Amino acid sequence: MSGPLYVPVLPTRPHAIGAWRQLWPDVRAASRPLWNLPSLPGTAPETLATVVDKYVGPASAVSRHGGWGDAPFGEDPQTAALAEALGPYCEFGQLRPVTGPERAEAQQRAAVETARRCLRGLGVRVQVAGEWDGRLAEGVRNLLARTRPEVSLDLLLDMGAVLDDRPDAGKEALRALDALMPLAAWRSAALLGGGLPRVTADLLTEGACQAPRAEWRMWHEVRATGRAYAPFLGYGDYGVQPPSALAQPPAPGRQGGPPWGVLRYTTESSYLLFKTLTRGPDRTAVNRSAARRITELPEFRGAGASQGEMWLSACANGPLSTSEGVGGPAEWLRAGNLQHMTYIVRSLAGG
């Protein structure tokens with residue numbers, strides 16, 4: 001069993017696609033993204049192809065080393081149209097289709113058929129948001145019965161949000177893996193989880209806060225068990241956003257938003273969050289100060305560590321006389337994902 005070092009779970013949004021495009025080549029080569037189409041409530045099946053092309057097309061174009069393309073929020077009436085729209089990115093691009101045990105039978109059939117045609121494999125995404133439910137194993141067994149021997153299988157065990165309110169996440173992941181690993185000769189298996197909380201104004205009342213990397217701790221807990229599969233288990237996370245951000249439907253032309261934002265930085269054990277401003281007379285000073293607080297951290301890895309650190313350094317050292325280079329929400333997410341994904345791959349490669 002072999003697979004990528006890192007599986008980032010990413011939205012098919014410009015900030016995530018831009019971050020992926022700007023990763024150093026060796027970081028991209030060691031990673032395989034799990035791209036997620038956002039929720040498209042009420043979108044008519046006849047227009048889905050255009051919408052999918054808008055979101056998945058750019059993600060597919062930057063995924064030259066492969067990855068997975070998923071539509072986990074598709075509504076039942078959209079199933080056939082989504083499968084048809086995603087198919088070409090698997091057959092003629094480098095993405096692999098994804099399904100799961102709790103999805104509609106029609107979606108499972110469509111994903112399996114796409115995998116049979118594209119011959120790149122099938123991602124089986126098993127979502128465990130709380131305690132492990134043994135019935136999911138039976139669902140996976142039934143799903144696998146639809147596949148053929150020539151279809152390679154990748155297990156994507158998705159634990160969802162893994163915060164401090166889930167201290168038993170590692171134990172639940174082990175229960176799931178012990179049940180799922182014997183079901184197939186998996187080509188690869190990855191343990192996914194999101195450790196960033198939803199950022200609110202209350203969380204940043206002091207201008208900064210720290211959140212533990214609980215999903216990183218979970219993965220290490222599973223790896224330390226001595227299970228035969230543990231050394232081959234890949235790591236995955238949701239980058240610098242909480243899992244709930246994936247489902248947010250598109251809002252073209254949306255104006256407004258909160259007057260604040262956040263810069264994010266990843267260390268060995270924590271996520272560090274610093275408040276920024278999206279508007280107002282103090283925006284430039286506050287945003288450059290937030291970036292400077294990151295660059296002055298003992299854990300800061302230097303401007304050359306990634307394009308994310310490079311942007312943070314430029315922002316921190318920019319003049320107060322101009323707001324050029326202080327960024328906005330999309331730029332902050334892009335820089336955050338760049339530093340985070342690069343650091344994860346470097347950490348995994350170092351053992």
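A quick note: this is a predicted structure, and the numbers were derived from the prediction, not measured.
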Notebook entry, point to check: Would you call the rings of W216 and H220 parallel, tilted or perpendicular if under 30° counts as parallel and over 60° as perpendicular?
Noted result: perpendicular

Margin query: Quick check: do E309 and T342 have side-chain heavy atoms less than 4.5 Å from each other?
Written below: no

Notebook entry, point to check: Can you find a side-chain donor-acceptor pair between R334 and Q307 that sits under 3.5 Å?
Noted result: no

Next item on the list: Could you tell me whether the side chain of L348 reaches within less than 4.5 Å of the side chain of W219, counting heavy atoms only?
Entry: yes

Checklist line | Other ILVMFWY residues reachable from L297 by side-chain steps of under 4.5 Å | finding: L263, Y265, L272, F274, I294, F300, W311, L312, W332

Check: Do S31 and L5 have side chains that get closer than 4.5 Å, going by heavy atoms?
Finding: no

Notebook entry, point to check: Is any side-chain heavy atom of T99 closer than 4.5 Å to a side-chain heavy atom of R146?
Noted result: no

Notebook entry, point to check: How far apart are the C-alpha atoms of Y238 and N337, what are their side-chain angles, what is the distance that settles it, and do they pass the side chain to side chain donor-acceptor pair (under 3.5 Å) test?
Noted result: CA-CA 9 Å; Y238 283 71; N337 271 321; over 6 Å; no

Next item on the list: Indicate yes or no for a side-chain donor-acceptor contact from R264 to the backbone of V262 under 3.5 Å, with no hydrogens or angles considered.
Entry: yes

Notebook entry, point to check: Are L196 and H340 close enough that some pair of their side-chain heavy atoms sits under 4.5 Å apart?
Noted result: no

Note to self: With a 4.5 Å cut-off on side-chain heavy atoms, are D26 and R346 touching?
What the structure shows: yes

Note to self: Can a donor-acceptor pair be found, under 3.5 Å and without considering hydrogens, that links the side chain of R32 to the backbone of W68?
What the structure shows: no

Next item on the list: Report the C-alpha separation of R13 and Q248 in whole Å, then their side-chain angles, then the decisive distance to 0.1 Å, and conclude whether the side chain to side chain donor-acceptor pair (under 3.5 Å) test is met.
Entry: CA-CA 11 Å; R13 305 278 190 171; Q248 185 177 352; 5.3 Å; no

Notebook entry, point to check: Given the rule in the side-chain contact (heavy atoms from CB on, under 4.5 Å) test, do V124 and L180 qualify, once you have shown the distances and angles that lead to the verdict?
Noted result: CA-CA 11 Å; V124 179; L180 296 171; over 6 Å; no

Check: Any idea which heavy atoms bring P77 and P45 closest together, and the distance?
Finding: O-CG, 3.6 Å

Checklist line | Flag, side chain of S60 to backbone of V56, donor-acceptor distance under 3.5 Å | finding: no

Checklist line | Backbone of S152 reached by a side-chain donor or acceptor of D154 within 3.5 Å | finding: no

Notebook entry, point to check: Are R120 and Q94 close enough that some pair of their side-chain heavy atoms sits under 4.5 Å apart?
Noted result: yes

Notebook entry, point to check: Do any N or O atoms from the side chain of T295 and from the backbone of R292 form a donor-acceptor pair under 3.5 angstrom?
Noted result: yes

